[in-house]
2 protein chains.
Amino acid sequence: MGNSIHVLKDALKDSGRRVTHKRGLILDLLRETPGHPDAETLLIKAKKRDPRISLATIYRTLALLKKTGFVEEHRLGETHAHYEAVGETPHFHFTCRKCGRVIEFESGLLDRLKLELKRKHRVDLREIHIHASGFCAHCREKGD
Amino acid sequence: MGNSIHVLKDALKDSGRRVTHKRGLILDLLRETPGHPDAETLLIKAKKRDPRISLATIYRTLALLKKTGFVEEHRLGETHAHYEAVGETPHFHFTCRKCGRVIEFESGLLDRLKLELKRKHRVDLREIHIHASGFCAHCREKGD
DNA sequence: TTAGTTGCAAACAATTTGCACGTTG
DNA sequence: CAACGTGCAAATTGTTTGCAACTAA
């Protein structure tokens, strides 16, 4: 578990940006936290280790981590954003409309979809998000 | 182009909800408008035909049309939502990070993806959104 | 030392809501 | 005429920003 400061150092060097312990903390939290925390949740967790951290810093750091490719921002059917540390395997999300649970799923079709998009429209594809919703196996049994 | 009131009547009957001019107007606009208007854009267009319509009604009607399956809400990389009348062919969106253009694309892989998701996780799938971003063919040529 | 970072509070943007009045069935 | 719909303005929610104090390099 980690101290992510050295990782950030690598990514931020030469950019004039600094590696602070708050930034490292936020990246650590994102990597440790299962699921898809929102900014508020990250603030609460962060305050336990550094009580003087503010929501503004959470947002500013999330923007930085997005730009440098460490985190992804997801819209999971709610009005606010959720965040997730970028891992090895790309995956998508399914939100249950009843219990709110988020299921992550992967598929080999993703690569083919990307390829198709690049070929057909000759775009330089940088990001792709898939979000599905409906009723999870558990909730569908008991009717809506 | 049409008067959507009879269509709404069908969908809203027995639900205690009423079929009003304003609701019909907003659905008409969504069907006539190419692209993916946001609430503000719909308000401007709506005011040309009914100057007394308000933004609150736009939002309330969009919520109703979403619930009844007439429109889809998309998050196209901006902070506010965009809306689109549900048509025959499901498609996805690609937003160019430079010029902001939204490209719609379809793929036969979509059905396979849905099938895979239903099989693997036994969910009752109601909706799936795919949003990609990067640089369109036009913008990638001239560097970032 | 000095430019980048942070907390705080205020500003913003998008959307929602309470309430009195208007309209539909 | 009873219940639902609407305009208006105020309230909420989520996020961003200006500025003075702070801190990493």
Side-chain angles (χ1 to χ4, degrees), chain A residues 3-27 29 36-44 46-47 49-68 71-83, chain B residues 3-27 29 36-44 46-47 49-68 71-83:
Chain A
N3 185 311
S4 290
I5 284 184
H6 53 292
V7 192
L8 282 178
K9 209 161 210 163
D10 239 33
L12 299 187
K13 72 172 176 230
D14 307 326
S15 68
R17 280 171 293 192
R18 290 176 186 170
V19 180
T20 64
H21 96 274
K22 283 170 212 268
R23 289 180 174 171
L25 167 56
I26 293 168
L27 182 52
L29 289 173
H36 315 86
D38 53 26
E40 206 65 51
T41 303
L42 286 169
L43 178 65
I44 291 167
K47 284 207 165 179
R49 300 196 199 165
D50 179 350
R52 291 200 28 75
I53 203 167
S54 74
L55 192 54
T57 295
I58 301 286
Y59 278 113
R60 286 192 272 232
T61 301
L62 286 170
L64 177 64
L65 293 175
K66 265 191 288 176
K67 204 178 308 177
T68 47
V71 317
E72 281 183 354
E73 179 180 301
H74 300 292
R75 297 276 162 178
L76 301 176
E78 293 185 279
T79 66
H80 59 282
H82 292 251
Y83 301 87
Chain B
N3 186 310
S4 290
I5 283 185
H6 53 292
V7 193
L8 282 177
K9 210 162 207 163
D10 239 34
L12 299 187
K13 72 173 175 227
D14 307 326
S15 67
R17 279 170 292 191
R18 291 173 184 171
V19 180
T20 64
H21 294 114
K22 286 169 211 267
R23 289 179 175 170
L25 167 57
I26 293 168
L27 182 52
L29 289 174
H36 315 86
D38 53 26
E40 205 65 51
T41 303
L42 288 169
L43 178 66
I44 291 166
K47 284 206 165 178
R49 299 193 200 168
D50 180 349
R52 293 201 28 75
I53 203 166
S54 74
L55 193 52
T57 295
I58 301 286
Y59 277 114
R60 286 191 272 233
T61 301
L62 285 170
L64 177 64
L65 293 175
K66 264 192 289 177
K67 205 178 305 177
T68 47
V71 317
E72 282 183 354
E73 179 181 301
H74 300 292
R75 297 276 162 178
L76 301 176
E78 294 185 277
T79 66
H80 60 282
H82 292 253
Y83 301 87

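It should be emphasised that the depicted structure is a prediction, and the values quoted were computed from it without experimental measurement. Letters A, B, ... are given to chains in the order of the sequence lines, protein chains preceding strands, and every chain is numbered from 1.
Looking at A:Thr20 and A:Arg18, their side chains never bring a donor and an acceptor atom within 3.5 Å of each other.
Taking only distance into account, the side chain of A:Arg60 meets the base of C:dG7 through a donor-acceptor pair shorter than 3.5 Å.
Position along DNA chain C of the nearest nucleotide to B:His82 versus A:Lys22 favours A:Lys22 as the more 5'-ward residue. Where B:Thr20 and B:Ala81 each meet DNA chain C at their nearest nucleotide, the meeting point lying more 5' is that of B:Ala81.
A:Arg23 has its CZ atom 8 Å from the C1' atom of C:dG4, to the nearest Å. Between the CZ atom of B:Arg52 and the C1' atom of C:dT23 there is a distance of 12 Å, given to the nearest Å. Summarising the geometry, the separation between CD1 on A:Ile26 and C1' on C:dT5 is reported as 11 Å, rounded to the nearest angstrom. Rounded to whole Å, the distance from CZ on A:Arg18 to P on C:dT2 is 12 Å. We find that CZ of A:Arg17 is positioned 8 Å from P of C:dT5, with the value rounded to whole Å. The distance from atom OH of A:Tyr59 to atom P of C:dG7 is 15 Å, rounded to the nearest whole Å. The nearest whole Å value for the distance from the NE2 atom in A:His80 to the P atom in C:dT15 is 15 Å. Spacing between atom CG of A:Leu55 and atom C1' of C:dA10 amounts to 14 Å, rounded to whole angstrom units.
Closest approach of B:Arg75 to B:His80, counting heavy atoms only: NH1-C, 3.9 Å. Contact between A:Ser4 and A:Gly24 at its shortest, heavy atoms only, is CB-O, 4.0 Å. Considering every non-hydrogen atom in both B:Ala81 and B:Asp38, the closest pair reads O-CB, 3.3 Å. Between A:Ala46 and A:Ile53, the shortest heavy-atom distance links the atoms CB-CG2, 3.8 Å.
Where DNA chain D meets chain B (any atom under 4.0 Å from a heavy atom), the bounding nucleotides read 5' to 3' are D:dA3 to D:dC8.
At least one side-chain heavy atom of A:Thr57 sits under 4.5 Å from a side-chain heavy atom of A:Ile26.
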Query - Working for side chain to side chain contact (heavy atoms under 4.5 Å, CB included), residues A:Arg23 and A:Arg17 - result: CA-CA 11 Å; A:Arg23 289 180 174 171; A:Arg17 280 171 293 192; 4.2 Å; yes
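Screening B:Leu43, B:Asp50, B:Ile44 for a side-chain contact (heavy atoms from CB on, under 4.5 Å) with B:Lys47, the sole residue that qualifies is B:Leu43.
Put simply, the side chain of A:His36 never gets that close to the backbone of A:His82: no donor and acceptor are under 3.5 Å apart.
The stretch residues 6-16 of chain A has no heavy atom under 4.0 Å from DNA chain D, so no residue of it qualifies as close.
Here B:Thr79 lies in heavy-atom contact (under 4.0 Å) with sugar-phosphate atoms only.
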